[in-house]
Structures are given as structure tokens and as C-alpha cells.
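Report on one structure; see the data block that follows.
Worth saying up front: this structure is predicted, and the values here are computed from it rather than measured.
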Amino acid sequence: MSNEILEGLNGKKDLSRTELEFMRFIWSHPDGVSSEEIYAHFPQTRGTKSTILYNISKKGYVEKRQEGRHHFYTALVSRMEYEQAVIRTCFGPLMEYATLEAMVASYFRKKQLTEKQKELVKDLLEELKKGKK
């Protein structure tokens with residue numbers, strides 16, 4: 001997935017691997033984080049880090065505000081929202097063809113689930129349905 005529009009994020013494009021690493025750091029600071037803290041955390045050159053932060057901001061994932069000589073970045077999209085959008089975009093088309101049991105088995109590199117595992121998946125789904133109400 002590169003530059004793909006993510007389902008459910010109002011037309012936002014997906015993040016590159018490096019952009020995602022930066023976002024994980026930003027997500028770990030819910031009240032925002034300064035560019036200096038970000039620069040100190042990552043090994044890239046200062047120019048590369050600035051470009052990555054610019055791209056993340058341009059894609060609409062962070063709000064950038066300036067206070068004096070410092071820039072602060074705050075996430076506009078939560079980690080959960082991003083991960084769910086990636087999953088919907090990647091697996092959404094498969095949902096009409098594959099059962100949840102088949103997808104779970106595939107995720108764990110199994111040919112199929114045991115009856116007990118299938119029952120656990122069904123129980124989890126029932127619990128999630130009840131929690132929606």
C-alpha cells in the first residue's frame with residue numbers, strides 16, 4: 001500500500017513506513033510533541049525529518065502549530081482510526097468472499113481453525129455485537 005486512499009479517513013492517503021514510525025512517536029504524545037523531541041528521537045538528517053513531518057502534515061494526520069521558534073505536532077487521526085482504515089482498505093474487498101474464520105486462520109498461517117477456535121471466534125463476535133448496543 002503506497003499512496004492509496006484509505007477507506008473511512010475522508011480521502012487521506014496511507015502513510016509510508018517511515019511516516020508511520022513518526023506517527024507512532026507522535027501518537028505516544030497525546031498532548032502534542034515538539035519538533036525538537038521528534039528530531040532527537042530519529043536518526044535521519046534534519047532535512048529528511050523536516051520533509052517527513054511536512055508530508056505527514058500535508059496528508060492531514062497532524063496539526064502543526066508554531067510557538068516562538070518551536071513547532072508542535074498533534075495527531076488529528078488516532079492510531080486506532082488509522083489502523084482500522086488500513087484494515088478496511090486491505091481486507092474490505094475480501095469480506096464478501098471469505099469467512100471471518102478463514103481470515104483468522106490465514107492470519108495465523110493455518111489451513112483452518114479447530115472447532116474450539118471457531119467457537120471462540122463466534123463468541124467474540126457475539127460479545128462485540130452486544131457491546132454495540
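- For R24, there are no salt bridge (charged side-chain N to carboxylate O under 4.0 Å, His left out) partners, not counting sequence neighbours.
- Listed by first and then second residue, the ring-ring contact (aromatic ring centres under 6.0 Å, His included) pairs that reach into residues 45-80 are Y61-Y82, sequence neighbours excluded.
- Every residue two or more places apart in sequence or in another chain was checked for a side-chain contact (heavy atoms from CB on, under 4.5 Å) with Q112, and none qualifies.
- Applying the salt bridge (Lys or Arg N to Asp or Glu O under 4.0 Å) test to residues at least two apart or on different chains, none of the pairs has a partner in residues 29-39.
- For S50, the side chain to side chain donor-acceptor pair (under 3.5 Å) test picks out Y39, with sequence neighbours left out.
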For side chain to side chain contact (heavy atoms under 4.5 Å, CB included), just list the numbers for K12 and L6, CA-CA rounded to whole Å, side-chain angles, deciding distance to a tenth of an Å, and then say yes or no. CA-CA 6 Å; K12 287 179 178 53; L6 295 178; 5.6 Å; no
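- Residue pairs meeting the salt bridge (Lys or Arg N to Asp or Glu O under 4.0 Å) criterion with at least one partner in residues 73-82, sequence neighbours excluded, are R79-E83.
- Remark: the backbone N or O of Q44 is paired with a side-chain donor or acceptor of K49 at under 3.5 angstrom.
- A salt bridge (Lys or Arg N to Asp or Glu O under 4.0 Å) check over residues 112-123, counting only residues at least two apart or in different chains, returns the pairs E115-K118.
- E21 meets the side chain to side chain donor-acceptor pair (under 3.5 Å) test with no other residue; sequence neighbours excluded.
- V121 and F108 fall within a single hydrophobic cluster, where Ile, Leu, Val, Met, Phe, Trp and Tyr are joined by side-chain heavy atoms under 4.5 Å apart, directly or via other members.
- For the ring pair (Phe, Tyr, Trp, His ring centres under 6.0 Å) test, residues two or more places apart in sequence or in another chain that qualify with F42 are F22, F25.
- Shortest non-hydrogen contact noted between W27 and S78 is NE1-C, 3.6 Å.
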Applying side-chain hydrogen bond (donor to acceptor under 3.5 Å, both in side chains), run through T48 and T45 and close with a yes or a no. CA-CA 5 Å; T48 299; T45 64; 2.9 Å; yes
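- The side chain to side chain donor-acceptor pair (under 3.5 Å) search around S57 returns none, not counting sequence neighbours.
- Within the 4.5 Å cutoff, side-chain heavy atoms of Q117 are placed close to those of T114.
- L15 CG to I56 CD1: the interatomic distance, rounded to the nearest 0.5 Å, is 6.5 Å.
- Here the straight-line distance linking atom CZ of R46 with atom OG1 of T51 works out to 12.0 Å at 0.5 Å rounding.
- The nearest pair of heavy atoms linking V62 to M23 is CG1-SD, 3.5 Å.
- Looking at E127 and K130, no side-chain N of the basic residue comes within less than 4.0 Å of a carboxylate O on the acidic one, giving no salt bridge.
- Taking both residues in full, the closest heavy atoms of T74 and G32 are given as OG1-CA, 3.6 Å, listed atom of the first, atom of the second, then distance.
- Side-chain atoms of K59 come within 3.5 Å of backbone atoms of D14 as a donor-acceptor pair (strictly under, hydrogens ignored).
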Starting from the C-alpha separation in whole Å, work towards a yes-or-no answer on salt bridge (Lys or Arg N to Asp or Glu O under 4.0 Å) for E67 and R65. CA-CA 7 Å; E67 291 181 16; R65 71 181 190 285; 3.0 Å; yes
